[in-house]
Amino acid sequence: MTSVIDLVLEFLHVPTPRAWQCAAVAHLPELLVDHANCEKKAASNAIALTYRYVEHPHLLQKMSRLAREELRHFEQVVDLMTQLDIDYVQLSPGRYAARLHQLISKHEPQRLVDSLICGAVVEARSCERFATLIPVLPEHIAQLYQNLLKSEARHFKDYLQLAQGFAEASSIDINVPDRIEAFLQTDAQLVTSGDAEFRFHSGVPG
């Protein structure tokens with residue numbers, strides 16, 4: 001497992017706080033429901049990119065495969081919830097994704113590069129959270145997260161490589177390291193600060 005996430009741990013500024021890890025054990029229904037929501041949203045975001053950027057065949061292929069994988073992960077989480085008799089209830093969205101998306105430029109081609117960097121950061125954090133959860137969750141849940149970890153790490157790398165490629169091909173100067181740094185700083189602030197509610201990508205519950 002360690003070799004799979006080494007790049008992710010080097011990429012992110014901070015690890016998940018121990019307090020969030022402990023809270024996850026006490027909030028298993030919320031963890032799984034919000035995880036299912038995250039998988040749906042990840043698929044939706046990938047599909048949205050295939051609608052917005054039809055002129056880029058390589059992007060379309062990557063996002064199509066990614067969306068299928070995310071929907072398969074959604075199915076696996078829902079299956080596990082059914083086995084555990086956990087109802088799929090409505091949860092209010094956490095602040096994490098919304099705050100990261102606020103950093104995305106509204107102007108092209110910066111918007112595309114920012115969207116891909118945002119996707120890379122979200123996938124990296126998801127991968128790191130899986131690794132954080134595996135040692136403390138019941139074995140049947142931990143096994144699912146172990147199985148998903150490699151996919152999230154691959155999605156992170158795919159998003160990052162796409163962002164770098166489109167920035168290099170852009171007609172304007174896009175400083176990718178600076179843009180990555182902006183998203184990573186926001187990610188670090190969100191996952192380490194106090195949060196009003198427990199969610200898969202939340203900070204420390206208050």
Side-chain angles (χ1 to χ4, degrees), residues 7-16 34-35 37-71 73-74 91-129 151-197 199-203:
L7 185 61
V8 168
L9 297 177
E10 293 172 7
F11 177 71
L12 295 170
H13 282 354
V14 297
T16 289
D34 198 52
H35 179 191
N37 289 339
C38 290
E39 298 291 0
K40 277 196 298 186
K41 187 63 176 176
S44 176
N45 286 338
I47 292 170
L49 290 173
T50 70
Y51 277 97
R52 190 176 299 132
Y53 300 105
V54 296
E55 69 275 22
H56 299 302
H58 182 57
L59 175 72
L60 300 182
Q61 292 288 347
K62 286 283 188 181
M63 291 300 102
S64 176
R65 287 194 292 270
L66 190 148
R68 291 197 301 273
E69 279 198 312
E70 300 290 16
L71 285 175
H73 297 169
F74 167 71
L91 288 181
S92 59
R95 60 181 181 161
Y96 180 82
R99 288 281 296 279
L100 286 180
H101 277 84
Q102 288 175 2
L103 299 177
I104 296 175
S105 173
K106 293 180 171 56
H107 305 288
E108 298 293 359
Q110 182 79 56
R111 182 185 183 188
L112 172 56
V113 175
D114 280 356
S115 297
L116 294 167
I117 291 171
C118 184
V121 172
V122 173
E123 295 289 342
R125 180 57 65 187
S126 297
C127 181
E128 188 268 347
R129 290 253 148 133
S151 294
E152 300 302 303
R154 186 176 68 256
H155 295 169
F156 149 66
K157 289 187 286 186
D158 285 346
Y159 270 119
L160 202 58
Q161 289 169 359
L162 285 167
Q164 291 165 337
F166 281 113
E168 290 170 3
S170 172
S171 58
I172 67 171
D173 183 25
I174 300 175
N175 190 318
V176 172
D178 282 356
R179 296 307 297 152
I180 291 173
E181 180 65 18
F183 282 92
L184 285 176
Q185 286 183 5
T186 299
D187 163 83
Q189 187 274 326
L190 290 169
V191 301
T192 58
S193 59
D195 217 327
E197 54 196 1
R199 295 291 184 267
F200 187 82
H201 288 110
S202 70

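- Taking the side chain to side chain contact (heavy atoms under 4.5 Å, CB included) definition, one finds that D158 meets it with K62, R154, Q161, sequence neighbours left out.
- Atom NE2 of H155 and atom CZ of R65 lie 10.0 Å apart (nearest 0.5 Å).
- In summary, the side chains of Q164 and E168 do not present any donor paired with an acceptor at a separation below 3.5 Å, with no hydrogens or angles considered.
- For the pair S202 and E197, the minimum side-chain heavy-atom distance is 4.5 Å or more.
- Contact check for E10 versus L7: side-chain heavy atoms found under the 4.5 Å cut-off.
- Listed for the S44 side chain is no donor-acceptor partner under 3.5 Å among the backbone atoms of K40.
- Using a 4.5 Å heavy-atom threshold, the side chains of P109 and I172 count as touching.
- The number of heavy-atom neighbours closer than 6.0 Å to NZ of K157, taken from other residues, nucleotides and ligands shown, is 12 or below.
- To the nearest 0.5 Å, the span separating CG on L59 from CG on L66 amounts to 10.5 Å.
- Taking 4.5 Å as the limit, some side-chain heavy atom of E123 sits within range of a side-chain heavy atom of Y159.
- Applying the ring pair (Phe, Tyr, Trp, His ring centres under 6.0 Å) criterion to Y53, with sequence neighbours excluded, gives no partner residue.
- Checking side-chain atoms of R125 against main-chain N and O of L12 turns up no donor-acceptor pair under 3.5 Å.
- For F200, the ring pair (Phe, Tyr, Trp, His ring centres under 6.0 Å) partners are H35, F130, not counting sequence neighbours.
- Looking only at side-chain heavy atoms (C-beta outward), I104 and R111 come within less than 4.5 Å of each other.
- S64 and R68 share a donor-acceptor pair across their side chains, judged by distance under 3.5 Å alone.
- The backbone N or O of G203 sits less than 3.5 Å from a side-chain atom of D195, completing a donor-acceptor pair.
- When side chains are defined from C-beta on, L190 counts as touching R95, because their heavy atoms get closer than 4.5 Å.
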